[in-house]
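Working notes, structure below.
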Amino acid sequence: MATTSKQYKNIGEDLWKGRAEKINAELFALTYGALVVQLLQDYEDYAEVNKQLEKMGYNIGTRLIEDFLAKSAIGRCADFREVGEVVSKVGFKSFLNITPSITHGVAPPPPSPKPDGGASTTQASAGSTFTLTLDENPLAEFVELPEEVLEGGLWFSNVLCGVIRGALEMVVIHFAQLSPSLKTNSSRQVQMQVQVDFISDVLRGDESTEIRVKLVKYLEEEVPIGDD
Amino acid sequence: MSGRNSIQVNPSIPASSLVPSSLAALADPPIRQIDAAAMDYFLIELVNTLRESSAVATARQKKVEKEMAEAGLLPPPAPAAPTVPKKESARDSVTSLNSKSSGKGTAVDEEEEAVRVRLEAIGVHVGANFTERLCRDRPLFSETLDAIKFVCKDIWAACWEKQVDNLRTNHRGIYVLQDNAFKPISRLSSWQGRPDAVKRARLYVAMPAGVIRGALSRLGFHGTVTPEVTALPQCTFQVKLPKGT
């Protein structure tokens, strides 16, 4: 009963149309650009600015996900692949009105000795990735990066990585499965720890702007369905 | 695809005479928009991020001053006399450190001031460039009042989704713009009570003040903009433009 990609697109479209207030994206681009310049002047360190942008994005993401879950009727995601679909087609669409295209990565094979003998399904998919390719980046509308910034390694739109990381860390995926220890159907509530990085950016002269989201691990706690 | 006739316009003839305005409007790309809630969260986090970065910058500046003072290049900062404010010749931002070490709480005020200055600088950048985009096809405003009215209507509508509620002037270069429900501070509250909320609001109106100042300066009118918050969510901006512009 997986929601198809097209259905997610429609959900995203409807959510965007339903957003009550919209702002001219140019204001956003101008404000963000001025902020990056100010941060560069304050920190004088490109890696540090990358880190601060990501941190700012993390805080924004933790708030955005609540807004998103409240407004959208998205059900639980079955797996990380579906998470990627929702992020790209519904999440980005409803807030930034863009739909990055998504490429799912293959999870690496699980290591042969299992460390704690449990949760074999979830451990196996840790390490899965998906890559978002942004055809248009509303943040970078008026931006041109000079030489020394390019060499310094600044990822201009790094805030987006933080937003994805913050949002996904707050999201709960449900895995319904038989738990041998509890002898009941238990629903595993897992939150995701992800690592989000830019792989390429047209602002740096690359061909496309790509963000890779890698699942580091699930942070899980088992909750028997019978309770609460 | 059916064949389409392309319209060739002779560049020496003004486009407006040959191309109907509806077609000319098509020449511009559609206005991109993003969600306002996302923008609000972004602005909130922007202030927090700037607080941290300004603290780092201030600490570094102080360290350099201290080293220079120890090396004898600078007179040591005397407790009573204020040291000369330093201006970094950076593009848009001006960081001035007035180390008046009289009275308590100046460290906190210094930090707030540093953040405020940065916010205003960002506002100036946004206001100036956004005004440029909005006024691309319009002739320059000849009258100061027209420019102010543009700010009251178009800038306010684009940034804060309403228009200014009240505009007063003394016809001698001072204009007071009043907004009874100013959007950036409309949802601001503080668990410490009203006076604290008003104090915090002063920080959040720094960027809008910058937007107004930047917009006016790009239109050719250079002056000062002083925001004032006495009761949330009402806010007034006093614009002082030199006479005769």
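Proteins get letters first, then strands, A, B, ... in listed order; numbering begins at 1 in each. Please read all numbers here as calculations on a predicted model, not as lab measurements.
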Hey, is [atom1] on [X] packed in by over 12 heavy atoms from elsewhere, all under 6.0 Å?
X         : atom1 : result
Arg51(B)  : CZ    : yes
Lys162(B) : NZ    : yes
Arg204(A) : CZ    : yes
Glu228(B) : CD    : no
Glu70(B)  : CD    : yes
Glu207(A) : CD    : no
Lys9(A)   : NZ    : no
Lys55(A)  : NZ    : no

A side-chain contact here means heavy atoms from C-beta on lying under 4.5 Å apart; do [X] and [Y] qualify?
X         : Y         : value
Met207(B) : Thr31(A)  : yes
Thr49(B)  : Leu39(A)  : yes
Gln33(B)  : Arg19(A)  : no
Arg133(B) : Leu30(A)  : no
Asn129(B) : Phe142(A) : no
Ile44(B)  : Arg63(A)  : yes

Minimum heavy-atom distance between [X] and [Y], given as atom pair plus value:
X        : Y         : answer
Ala25(A) : Ile34(B)  : CB-CG2, 3.9 Å
Asp42(A) : Ser54(B)  : OD2-N, 3.9 Å
Ala34(A) : Ile122(B) : CB-CG2, 3.7 Å

Do you know which of [options] has the most heavy-atom pairs under 4.5 Å to chain B?
options                        : value
Val163(A), Leu64(A), Val159(A) : Leu64(A)
Met56(A), Glu48(A), Gln52(A)   : Met56(A)
Val49(A), Leu27(A), Asn97(A)   : Leu27(A)

Checklist outcome for this item: The interface call for Leu53(A) against chain B, heavy-atom contacts under 4.5 Å, is neither
Item to check | Segment of Glu52(B) engaging chain A (4.5 angstrom heavy-atom cut-off) | outcome: both
Next on the checklist: Which atoms of Leu119(B) are under 4.5 Å from chain A, going by heavy atoms: the side chain, the backbone, both sets, or neither?
Outcome noted: neither
Checklist entry - Can a salt bridge be assigned to the pair Glu141(A) and Arg32(B) using a cut-off of 4.0 Å between side-chain N and carboxylate O? => result no
Next on the checklist: Can you classify the ring geometry of Phe42(B) versus Tyr32(A) as parallel (below 30°), tilted (30 to 60°) or perpendicular (above 60°)?
Outcome noted: tilted
Item to check | Euclidean distance, Ile23(A) CD1 relative to Met39(B) CE, rounded to 0.5 Å | outcome: 5.5 Å
Checklist outcome for this item: With chain A, the option among Val211(B), Val56(B), Leu43(B), Asn48(B) that has the most non-hydrogen atom pairs under 4.5 Å is Val56(B)
